[in-house]
2 protein chains.
Amino acid sequence: MNGTTAQSATAPAVPTKADLIEEFAAIGNAYYQDFAAVAARHGLTSVQAKALAVLVRQPLPMRGIAEQLVCDASNVTGLVDRLETRGLVRREVGASDRRIKIVAATEAGEAAIRAVRADMQTTHQALDLLSDGERSVLFELLTRLRPVLEQKS
Amino acid sequence: MNGTTAQSATAPAVPTKADLIEEFAAIGNAYYQDFAAVAARHGLTSVQAKALAVLVRQPLPMRGIAEQLVCDASNVTGLVDRLETRGLVRREVGASDRRIKIVAATEAGEAAIRAVRADMQTTHQALDLLSDGERSVLFELLTRLRPVLEQKS
DNA sequence: TATTGTTATACTCTATAACTATA
DNA sequence: TATAGTTATAGAGTATAACAATA
């Protein structure tokens, strides 16, 4: 792995942060590929599916969607247009500020993202490799990482 | 979490697979956002950076790149054209089969992807939260998941 | 005949800049 | 004047279909 320490074969050295980053990158890319491929089979681009997944968690104004997608706000108009045409999301005028439009996933939108997640067989198969105890450990570690990882860079 | 078992507060129930999938999705998306944002700062689109990361690991024929990127082979022509124009990759004619063009990252390409990885501060900060022992555990779990997760769906 | 890479076309994603409606 | 959303435009990513070169 890093070769800086000579330990026994049964107790490998602690991985360097670079090792972990590389593994994290590979896992992140592989997950995203499964997500994009399954979304495509369901007639959604990866961006449409990602937007839908975000909106299922909570309704957001146009600019909030842009933040979540890390893209310019101008793109969100067309993106939401296409999702709205297919009945997957709904625009609602903001109550306090009429400039704001709140976008929410419809029932059809929620069903679509549920179907995509259920169909991510590669990811399911990978997680099936773990025992209950390992799943608990992984879940706990990821839950710790998530708040920091979701901050803006 | 799932509420199906009533255990003590210090020993939470084993997360369901759905819980873990959701956490995995959130982590995967957050990682990808950091990657895309940093790549953009370095003048690369996320697809260009991903292709470069793949080619740093190993040279690939055009169709191999398409497989890794989960996209049609016809797209790869333009993608590699743009990377080649900037001196980040190089096309080489295959030795055994002259139809095949092997694409390899140049030194500049390797340097570019190294710079992107080093600049992913959000991901670095997240991983800094873990102790050496936790890093080892996470690394081992991810290493187990990776071969299955990298298979085609 | 089958396969590799390319080209042509059309649609989607993306950023920048300018515009409108509202605050 | 500042902000939320939109429109216009141009470059990049994407799939489908058709093509040339090679196997």
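Sequence lines set the chain letters: A, B, ... in the order given, protein chains first and strands last, and positions in each chain run from 1.
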The first and last nucleotides of DNA chain D lying within contact of chain A, meaning any atom under 4.0 Å from one of its heavy atoms, run from D/dA2 to D/dT7
**Asked** By salt bridge (Lys or Arg N to Asp or Glu O under 4.0 Å), which residues pair with B/Asp72, not counting sequence neighbours?
**Response**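 Expected list: none.
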Below 4.5 Å, heavy atoms only, C-beta onward: do [X] and [Y] meet side chain to side chain?
X	Y	answer
A/Lys101	A/Thr77	no
A/Arg114	A/Glu110	yes
B/Leu145	A/Leu138	yes

Do A/Ser74 and C/dT14 share a donor-acceptor pair, side chain to base, under 3.5 Å?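 For A/Ser74, whose side chain was compared with the base of C/dT14, there is no donor-acceptor pair (under 3.5 Å).
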Tell me the interatomic distance from [X], atom [atom1], to [N], atom [atom2], rounded to whole angstroms.
X	N	atom1	atom2	result
B/Ile100	C/dG5	CD1	P	6 Å
B/Ile65	C/dT4	CD1	P	14 Å
B/Glu84	C/dT6	CD	C1'	14 Å
A/Leu88	C/dT12	CG	C1'	16 Å
B/Arg63	C/dA2	CZ	P	15 Å
A/Asn75	C/dT16	CG	C1'	10 Å
B/Glu67	C/dG5	CD	P	11 Å
B/Asp72	C/dT4	CG	P	13 Å

Restricting to nitrogen or oxygen on both sides, can you table the protein-nucleotides 18-22 of chain C pairs closer than 3.5 Å?
unit_1, atom_1, unit_2, atom_2, d
C/dT22, O2, A/Arg99, NH1, 3.3

Check the orientation of B/Phe35 and B/Tyr32. Use parallel for under 30°, tilted for 30 to 60°, and perpendicular for over 60°. tilted
When every non-hydrogen atom of B/Leu149 is compared with those of A/Thr122, the smallest separation belongs to O-CG2, 3.3 Å
If you compare all heavy atoms of A/Ala108 against all heavy atoms of A/Gly87, which two are closest, and at what distance to 0.1 Å?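 Closest heavy-atom pair between A/Ala108 and A/Gly87: CB-O, 3.8 Å.
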The side chain to side chain donor-acceptor pair (under 3.5 Å) partners of A/Arg99 (sequence neighbours excluded) come to A/Asp97
Audit row: A/Asn29, B/Tyr31, side chain to side chain contact (heavy atoms under 4.5 Å, CB included) steps and yes/no:
CA-CA 9 Å; A/Asn29 283 333; B/Tyr31 162 80; 4.3 Å; yes
Under a 4.0 Å heavy-atom cutoff, the residues of residues 46-61 of chain B touching DNA chain C are B/Pro61
Applied to residues 55-65 of chain B, the side-chain hydrogen bond (donor to acceptor under 3.5 Å, both in side chains) test, sequence neighbours excluded, yields none
Judged by nearest nucleotide, the residue sitting upstream toward the 5' end of DNA chain D, B/Ala73 or A/Gly78, is A/Gly78
Using a cut-off of 4.0 Å on non-hydrogen atoms, how would the nucleic acid contact of A/Thr45 be classed: base, sugar-phosphate, or nothing? sugar-phosphate
Got a second to check how far A/Ser136's OG is from A/Leu141's CG, nearest 0.5 Å?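 Between atom OG of A/Ser136 and atom CG of A/Leu141 there are 11.0 Å.
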d(A/Ile65 CD1, A/Lys50 NZ) to nearest 0.5 Å is 13.0 Å
For DNA chain C, whose closest nucleotide is more 5', that of A/Cys71 or that of A/Ser96?
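Of the two residues, A/Cys71 wins.
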